[in-house]
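Here's the structure, in structure tokens; my notes come after.
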Amino acid sequence: MLMVPNRRTEKQPILVVLHQERSSPGRVGQMLTEKGYPLDIRRPVLGDPLPDTLAGHAGAVIFGGPMSANDPEPFVKTEIDWISVPLKENKPYLGICLGAQMMVKNLGGNVGPDREGMTEIGWYPIRPTAHGRLLMDWPSMVYHFHREGFDVPRGVKLLAEGDAYPHQAIHYGENAWGVQFHAELTRAMMHSWVVRGASRFTMPNAQQGREHLEGRMIFDAPLRAWLWNFLDLVFDKPAFETAQPVKPNLESV
């Protein structure tokens, strides 16, 4: 499915990989279309093919999902193997949560739960590393919904750290990026996750639903501003290098 910006654009589409029938690219999709990128949305879990090359795309984003990068389903292995396409072609790639874990698996790293079964479900602090601070400003709190993390394979740079899961953001080569957290949630998406994911709030270290919603009122504005600039860093470095840290008016979503 192709989503196009409201205005005419010469930019190539960005491949968007989602993992459920009703999944949405959320604020990432909204911001990318505002920046002039069409979105080529595909769901391999429902049988959509992935392209053999990204020559016709400006880059790719693989989003999160309820499955694990260790699951035996064929589409999971297909996606993990496919990440070699943007890596070999040096095309911008962004992995969000599961998408980041899949990139780590592609690079020979490991994905798995915390030894004590800790989760990150709610708002938790992150700290940029020295390399991360050189790239950009980071929010102090981010939103999570996961119970697995990843290690840092050889050649991968760690950009941000956390407490329960120490590896929060990574960079590989020139154009491959991964984040463990979710900056893409609109208000409606967060309400949906809180309702549908309520059974997970009893897991170790998970926050209750009210804390998710209260945290959004406090922490979401800097996270939203960070995402706007981070997408330029990933997909349009000249724009990132010349732009002031200004964000769009997307508070209504």
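No experiment lies behind these values; they were computed from the predicted model shown.
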* Inspect the contact between Lys35 and Asp232 and indicate whether a charged nitrogen and a carboxylate oxygen are less than 4.0 angstrom apart. => yes
* To do: Would you give the length of the straight line joining atom NZ of Lys157 to atom CG of Leu135, rounded to the nearest 0.5 angstrom?
  => 8.0 Å
* Asked: Could you state the interatomic distance from CD (Glu148) to CG (Asn70), rounded to the nearest 0.5 Å?
  -> 5.5 Å
* Rounded distance [0.5 Å steps], CD in Gln207 versus CD in Glu214 -> 10.0 Å
* Answer yes or no: is there a side-chain heavy-atom contact under 4.5 Å between Leu94 and Phe63? => no
* Structure fact -> Between Tyr165 and Arg147 the two heavy atoms that sit nearest each other are OH-O, 3.0 Å
* First locate atom NE2 of His57, then atom CD1 of Ile14, and finally report the distance between them rounded to the nearest 0.5 Å. => 9.5 Å
* Hey, what do you get for CG (Leu227) to CG (Asn229), rounding to the nearest 0.5 Å? -> 9.0 Å
* Would you sort out whether Glu89 and Thr53 count as a side-chain hydrogen bond (donor to acceptor under 3.5 Å, both in side chains), showing the intermediate values? => CA-CA 8 Å; Glu89 295 181 355; Thr53 177; 2.7 Å; yes
* Does Trp226 have its ring centroid less than 6.0 Å away from the ring centroid of Phe181? -> yes
* Structure fact -> Looking only at heavy atoms, the pair that brings Pro44 and Phe75 closest together is O-CB, 4.1 Å
* To do: Start with the C-alpha gap between Lys105 and Asn110, add the side-chain angles, then the distance that decides, and say whether side-chain hydrogen bond (donor to acceptor under 3.5 Å, both in side chains) holds.
  => CA-CA 6 Å; Lys105 292 275 287 187; Asn110 297 308; over 6 Å; no
* Check: Tyr124 and Asp163 side chains under 4.5 Å, non-hydrogen atoms -> no
* Asked: Any chance the rings of Trp177 and Tyr93 have centres within less than 6.0 Å?
  -> no
* is_close_aromatic(Trp193, His182), centroid dist under 6.0 Å -> yes
* Non-hydrogen side-chain atoms of Leu185 and Phe145 separated by less than 4.5 Å -> no
